[in-house]
Protein chains: 2
Amino acid sequence: MTIEREADLGMLIGQLGRALQDELFSRLAEQGHPHVRPRHGTVLSVLPESGARATELARLSGQHKQIVGVIVDELVELGYVRRESDPSDRRAKLVVPTEAGVDEVAKARAILAAIEQRHREELGDETYRTFKTALEHITHSQRGWQSLQR
Amino acid sequence: MTIEREADLGMLIGQLGRALQDELFSRLAEQGHPHVRPRHGTVLSVLPESGARATELARLSGQHKQIVGVIVDELVELGYVRRESDPSDRRAKLVVPTEAGVDEVAKARAILAAIEQRHREELGDETYRTFKTALEHITHSQRGWQSLQR
DNA sequence: TGATGATCGTCAAGAATCTTGACTAACTTC
DNA sequence: GAAGTTAGTCAAGATTCTTGACGATCATCA
């Protein structure tokens with residue numbers, strides 16, 4: 001005897017997030033990238049091919065610069081990025097993707113695009129477009145919830 | 001000069017999940033529940049008022065029974081649940097919510113409902129309904145992605 | 001009834017991730 | 001050149017999940 005309750009927005013989002021992550025990293029592993037972990041993606045996915053500073057990556061990925069430093073260390077270890085000194089600022093170092101890094105990002109994007117395409121075919125173009133647009137609006141709005149306080 | 005990329009499904013879901021969690025736990029803290037942490041919610045939200053066994057909670061919440069054991073320890077410490085021995089099975093213990101536990105669940109549900117209502121008003125009833133239905137389908141479908149493998 | 005296997009809850013170790021505070025070196029502004 | 005800001009790092013610890021194992025109890029069936 002089980003009491004299953006109606007799923008609320010929080011549960012749905014959490015479950016979907018975990019399921020997406022499972023498929024993404026499982027397929028990346030099959031496609032030659034078995035060592036990338038989720039947090040590597042948060043940095044790689046915002047890293048321009050021309051490179052960026054660690055502080056810029058922290059801002060773009062929404063994480064603390066301390067974590068970004070560690071993640072970049074691991075990405076260097078994995079061979080996905082290089083650290084180059086920034087000629088315009090001796091404090092700074094440019095993080096630049098290697099060929100393997102560019103390949104990883106391309107494959108990750110392709111996998112996510114394929115996942116989206118699958119859902120688009122299940123739901124129909126129009127419904128999927130409505131869904132995605134609504135999700136963008138809700139995400140943007142929810143990220144500003146603190147301005148609604150008091 | 002910033003290179004912002006188009007947000008994919010993974011980034012949107014991740015960002016929305018974090019933002020929802022931030023508002024939920026911030027408001028719960030304001031409403032008399034300052035000590036609950038996200039993982040407590042995964043168990044409390046599936047706990048029937050009549051109680052359930054730890055193994056059942058593990059299944060319902062989708063987590064390992066080891067974690068559920070620890071979470072229940074913390075919930076007992078916080079005064080949200082009691083452990084009662086199960087008369088029908090001497091191995092098992094029933095986890096039963098206290099009055100405080102029932103109150104926490106009610107407040108969490110109300111907060112999430114209010115958040116959903118806010119987004120419903122921004123998007124319009126019909127669009128929101130389409131969004132929620134599509135999210136349910138996609139979540140269900142994505143959770144079964146492994147059956148698509150080879 | 002007695003043996004066998006499954007289930008219930010727990011102990012323990014450790015991996016992965018994020019948070020917070022502080023600090024040095026280098027840069028910018030006035 | 002003095003003062004404040006910014007880039008990157010060191011360090012400690014909080015939070016959450018994973019994996020493997022175990023004793024106690026229960027259920028099944030020969």
Side-chain angles (χ1 to χ4, degrees), chain A residues 2 10 14-15 17-19 21-22 24-26 29 34-45 47 51-78 81-96, chain B residues 2 10 14-15 17-19 21-22 24-26 29 34-45 47 51-78 81-96:
Chain A
T2 302
Q15 291 174 357
R18 264 170 266 131
Q21 205 173 70
D22 286 349
L24 173 58
F25 287 92
S26 170
H35 297 116
V36 275
R37 286 185 276 110
R39 70 163 168 183
H40 299 143
T42 65
V43 166
L44 279 178
S45 69
L47 177 61
R53 295 182 182 182
T55 301
E56 179 76 354
L57 293 177
R59 194 184 62 72
L60 289 173
S61 67
Q63 296 187 94
H64 294 185
K65 57 184 181 176
Q66 291 91 328
I67 306 181
V68 170
V70 176
I71 294 175
V72 171
D73 284 346
E74 293 174 354
L75 290 173
V76 169
E77 182 71 24
L78 290 172
V81 303
R82 283 192 307 276
R83 264 193 250 253
E84 298 180 356
S85 50
D86 184 334
S88 71
D89 187 336
R90 269 184 298 161
R91 294 169 305 178
K93 285 163 196 163
L94 278 179
V95 177
V96 183
Chain B
T2 303
Q15 291 174 357
R18 264 170 265 131
Q21 204 172 72
D22 287 349
L24 173 59
F25 287 92
S26 171
H35 297 116
V36 275
R37 286 187 275 107
R39 70 164 170 181
H40 298 144
T42 65
V43 165
L44 279 177
S45 68
L47 177 61
R53 295 184 181 180
T55 301
E56 180 76 354
L57 292 176
R59 194 183 61 74
L60 289 173
S61 67
Q63 297 188 95
H64 294 185
K65 57 184 181 175
Q66 290 91 328
I67 306 180
V68 170
V70 176
I71 294 175
V72 170
D73 285 346
E74 294 174 354
L75 290 174
V76 169
E77 182 71 25
L78 291 172
V81 303
R82 284 191 308 276
R83 262 193 252 253
E84 298 180 355
S85 50
D86 185 333
S88 70
D89 187 335
R90 271 184 296 163
R91 291 170 305 179
K93 285 165 197 162
L94 278 179
V95 178
V96 183

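Computed from a prediction, not measured in an experiment: that's the story for all the values here. Naming: A, B, ... by sequence-line order, numbering from 1 per chain.
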Review point. What's the CZ-C1' distance between B:R83 and C:dC8, to the nearest Å?
Key: 12 Å
Exercise for review: Could you work out which one of C:dG9, D:dC26, D:dC17 sits closest to the side chain of B:I67?
Suggested key: D:dC17
Check your understanding: For A:I71 and D:dT9, what is the distance between atoms CD1 and C1' respectively, to the nearest whole Å?
Key -> 15 Å
Point to revise | Any A:H64 side-chain nitrogen or oxygen under 4.0 Å from OP1 or OP2 of C:dT19 | key: yes
Review point. Hey, does A:R18 reach any base, or is it just sugar-phosphate, or nothing, if we go heavy atoms under 4.0 Å?
Key: nothing
Review point. Do B:R90 and D:dT25 share a donor-acceptor pair, side chain to base, under 3.5 Å?
Key: no
Study note, to complete from the structure: By nearest-heavy-atom nucleotide on DNA chain D, the more 5' of A:A92 and A:Q66 is A:A92
Exercise for review: Would you kindly give the NZ-to-P distance between B:K65 and D:dC17, to the nearest whole Å?
Suggested key: 17 Å
Point to revise | Separation of D:dC10 C1' from A:D73 CG (nearest whole Å) | key: 12 Å
Check your understanding: So, is B:R59 near the phosphate of C:dT7, with a side-chain N or O under 4.0 Å from OP1 or OP2?
Key -> no
Check your understanding: Once you round it to whole Å, what is the distance between C1' of D:dA7 and CD of A:E56?
Key -> 12 Å
Point to revise | Flag side-chain contact, heavy atom, 4.5 Å: B:V68 against B:T55 | key: no
Revision key, fill the gap. Judged by nearest nucleotide, the residue sitting upstream toward the 5' end of DNA chain C, B:G69 or A:T42, is B:G69
Exercise for review: Measure the shortest side-chain to side-chain distance between A:V72 and A:K93 over non-hydrogen atoms and say whether it is less than 4.5 angstrom.
Suggested key: no
Check your understanding: Which whole-number value in Å describes the distance from B:Q63 CD to C:dG9 P?
Key -> 16 Å
Check your understanding: Do you know the tightest heavy-atom contact between B:R39 and B:I67?
Key -> NH1-CG2, 3.9 Å
Point to revise | Distance-only donor-acceptor test, B:K93 side-chain atoms vs C:dG9 base atoms, 3.5 Å | key: no
Study note, to complete from the structure: Smallest heavy-atom separation, B:A58 atom then B:H64 atom, equals CB-C, 4.2 Å
Check your understanding: Tell me: CZ of A:R39 to P of C:dA15, nearest whole Å?
Key -> 13 Å
Point to revise | Interatomic distance, B:R83 atom CZ to B:L94 atom CG [nearest 0.5 angstrom] | key: 11.5 Å
Practice item. Calculate the interatomic distance between A:R91 atom CZ and D:dT5 atom P; express it in whole Å. Key: 13 Å
